[in-house]
Asks: 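Have a look at this one before I ask anything.
Computed from a prediction, not measured in an experiment: that's the story for all the values here. Residue numbers start from 1 in every chain, and the chains themselves are labelled A, B, ... in the order their sequence lines are given, proteins ahead of strands. Side-chain atoms are counted along with the backbone in the values below, which use heavy atoms only and exclude waters and symmetry mates.
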Amino acid sequence: MTTTESGSYDAALHGPDSTGHFGQFGGRFVPEALTAALDELDAAFRAAIVDPAFITELDRLQRTYVGRPSPLTDATRFSAYCGGARVLLKREDLNHTGSHKINNVLGQALLTVRMGKTRMLAETGAGQHGVATATVAALFGLECTVYMGEEDTVRQSLNVARMKLLGAEVVPVTAGSRTLKDAINEAMRDWVTNVEHTHYLLGTVTGPAPFPEMVRTFHHVIGAEAREQVQELTGVLPTAIAACVGGGSNAMGIFGAFLDDREVSLHGYEAGGDGVETGRHAARFSGGAPGVLHGARTYVLQDEWGQTRPSHSISAGLDYPGVGPEHAWLHETGRATYEPVNDDAAMEAFGLLCRTEGIIPAIESAHALAGAMRLGRELGPDAVILVNLSGRGDKDVETASRWFGLLDGERMPEGRL
Amino acid sequence: MSTLHEAFAAARADGRALLIGYLPAGFPSRGDDVAVIEAMVENGVDAIEVGLPYSDPLMDGPTIQDAVQRALDAGTHTDDVLRTVEAVARTGAPTLVMSYWNPIERYGVDRFATDLSAAGGIGVITPDLTPEEAGPWTVATDAAGIDRVFLVAPSSTDARIATVAAASSGFVYAASTMGVTGARTSVGDAARSLVERTKARTVLPVAVGVGVSTGAQAAEVALYADGVIVGSAFVRAVLDAATPTDAMTAVGVLAAELARGVRGG
């Protein structure tokens, strides 16, 4: 195996500091009742990641239950639409439950058991994190409640059924905008009430410390595997990495192993929705401002009074007005760049991957694919672009069918491609 | 000495607890919030917390969420909250703001403290701001001469209580139970123990909030706490009233019952 040693370790790129801050971002903005639980979680996390028994058990589950390592696929036919750049797909869609989400869920579920708690809570947007949590709750024999915005339960009804089949209680949230943001509010309220026996299994790199660091750590395996796989296949490091960014867990997972490789450019793609100029989007970096949401300082879609503005995206998993604080920091330091991808560009990439590679991606991941198309045209045929294909698109078949006009027996119109 | 300090001292001299009432600004409407609060003050509420409506009130239960959403839907902004504070302060009751952190940060930390003070406000309760994140806020509130009130909870360790109390001024807010705001059938035993642990670590008064809704509960809490905070019960009384006039009547009746409660009745 050809591997290149990682460049010199740059402490400035490896937050957070001892108080949970990534520069000015992160921290803890929570009701005091949660401080003790966050301290307990922090201690459990730090003890676990240096405990060989924990590491061995997590590794065993990753291999025998999730199916890791996930493969790297050379997307040769799709590459033709990316300026001829070589596009490599990190296949997190092939994990058990269909996305990267299970990496973090297994880690936190093991912590739940270590802390002696018997119930897990989760929020979910697209349903991927909810399904992963319900799955692992069944595996470990834990109680599970999943909060999901009412609007999302409608557009992701298949995942609601999956969670119920797995034995979880699914609570549709009717407050506020009825999407992921409100599901997180409800999960926090449940947690603060039942914290003694309940762990809140937050599904992305947002929230109060230690969640952003902890969730990133459990997803680090994505980038660590990919870094070796890309070098084994091509003999070099990738030129660029593309990942979609809702809260940003799959992106932190794949970026993390390349932070010190300064020659590798890191690209996060947010949901541009109908276009940033329309106000109907989830582009926190181009359409938001620094603020505090859900326990951390980060970039937030907000109005002039600091009220959270509703986000919009065809992808439920990217439809969130905040973003992980570490992404805010990588944005501020310039180590990673973030750009919006509109619904139509994401769906064009979605359709292309289906037809060129025989892979139906999650619409979330299709934003990263659209980003790779854009990058490839910029970088040219010598570039190697690593895309984190964070999830599969089974859950999105109905949305995609509607988008492409396939319902009522219509054929996919060529114009869409 | 803050006005809050004087209010607590006066209540203590009376041998009773201070009664603090909460209502979100802009609720039940942008015109009627002050009238409802005046009914509270006329019927024995000693101090007022004006809520700053926020889109993501994660410490609040369904009753206050509902009220806050109505206030936001009616277009209540931070400047409206300051106008409400100004009107309420004219009643002579010490007036605080209860606000989640992001609207204060967005308005400008120094500007908020200065404008609140200019409006006659004397303090701010920040339910999601921890002392660790409160550096600029401490400077701004000291400069403006207003009190900053942080919360302790039943899960707080003794060391944590000492940290929170040291960062607070005016009083320390003791959240009676683990959970969100809203009326409960009983105020848990956890509240008494929390107040005792807090009083052992600060000279500041300690007021109990979350879950107190009746005169009997107020009387029970007044036995061990310096102040009793009632929010959701007032909001519920307004939500259940058919007209603004009915709301003022209902709020007045509840205020009188709670005022008897904090006097041991």
Asks: Given the options A/Val300, A/Thr193, A/Val195, which has more heavy-atom pairs under 4.5 Å with chain B than any of the others?
Replies: A/Thr193

Asks: Identify the two heavy atoms, one from A/Gly306 and one from B/Arg106, that lie closest to each other, and give their separation to 0.1 Å.
Replies: N-CG, 3.3 Å

Asks: Is there a side-chain contact between A/Leu293 and B/Asn102, using heavy atoms and a 4.5 Å cut-off?
Replies: no

Asks: Give, as side chain, backbone, both or neither, the part of A/Thr35 having an atom under 4.5 angstrom from any heavy atom of chain B.
Replies: side chain

Asks: Any idea which heavy atoms bring B/Tyr54 and A/Val292 closest together, and the distance?
Replies: OH-O, 3.7 Å

Asks: Identify which of B/Tyr100, B/Tyr107, B/Trp101 forms the greatest number of heavy-atom pairs closer than 4.5 Å to chain A.
Replies: B/Trp101

Asks: Got B/Leu58 and A/His294 here, is their nearest side-chain heavy-atom distance under 4.5 Å?
Replies: yes

Asks: Output the distance between atom CH2 (A/Trp305) and atom CG (B/Leu52), rounded to the nearest 0.5 Å.
Replies: 10.0 Å

Asks: Side-chain contact test, heavy atoms from C-beta onward, threshold under 4.5 Å: evaluate it for B/Pro57 versus A/Arg189 and give yes or no.
Replies: yes

Asks: Roughly how far, to the nearest 0.5 Å, is the CD atom of B/Glu132 from the NE2 atom of A/His21?
Replies: 9.0 Å

Asks: As an exercise: rank B/Thr78, B/Thr157, B/Asp56 by heavy-atom pairs under 4.5 Å with chain A and give me the winner.
Replies: B/Asp56

Asks: Restricting to pairs with a member in residues 57-66 of chain B, which pass salt bridge (Lys or Arg N to Asp or Glu O under 4.0 Å), not counting sequence neighbours?
Replies: B/Asp66-B/Arg70

Asks: Is B/Pro103 in contact with chain A via its backbone, its side chain, both, or neither, using a 4.5 Å heavy-atom distance?
Replies: both

Asks: With chain B as the partner chain, list the residues of residues 25-34 of chain A whose heavy atoms fall under 4.5 Å from it, by residue number, and write 'none' if nothing qualifies.
Replies: A/Gly27, A/Arg28, A/Phe29, A/Val30, A/Pro31, A/Glu32, A/Ala33

Asks: Name the region of B/Ile104, side chain, backbone, both or neither, that has any atom closer than 4.5 Å to a heavy atom of chain A.
Replies: neither

Asks: Heavy-atom distance under 4.5 Å to chain B: side chain of A/Glu196, backbone, both or neither?
Replies: neither

Asks: Could you list the residues that satisfy salt bridge (Lys or Arg N to Asp or Glu O under 4.0 Å) with B/Asp128, not counting sequence neighbours?
Replies: none

Asks: Quick one: salt bridge (Lys or Arg N to Asp or Glu O under 4.0 Å) pairs with a partner in residues 279-303 of chain A, sequence neighbours left out?
Replies: A/Glu270-A/Arg284, A/Asp274-A/Arg280, A/Arg297-B/Glu105

Asks: With a sphere of 6.0 Å drawn around CG of B/Asp189, does it hold more than 12 non-hydrogen atoms of other residues, nucleotides or ligands?
Replies: no

Asks: Name the member of B/Thr130, B/Asp79, B/Val152 that forms the most heavy-atom pairs with chain A at distances under 4.5 Å.
Replies: B/Asp79

Asks: Count the heavy-atom pairs under 4.5 Å between each of B/Pro53, B/Ala153, B/Ser55 and chain A, then report the option with the highest count.
Replies: B/Ser55

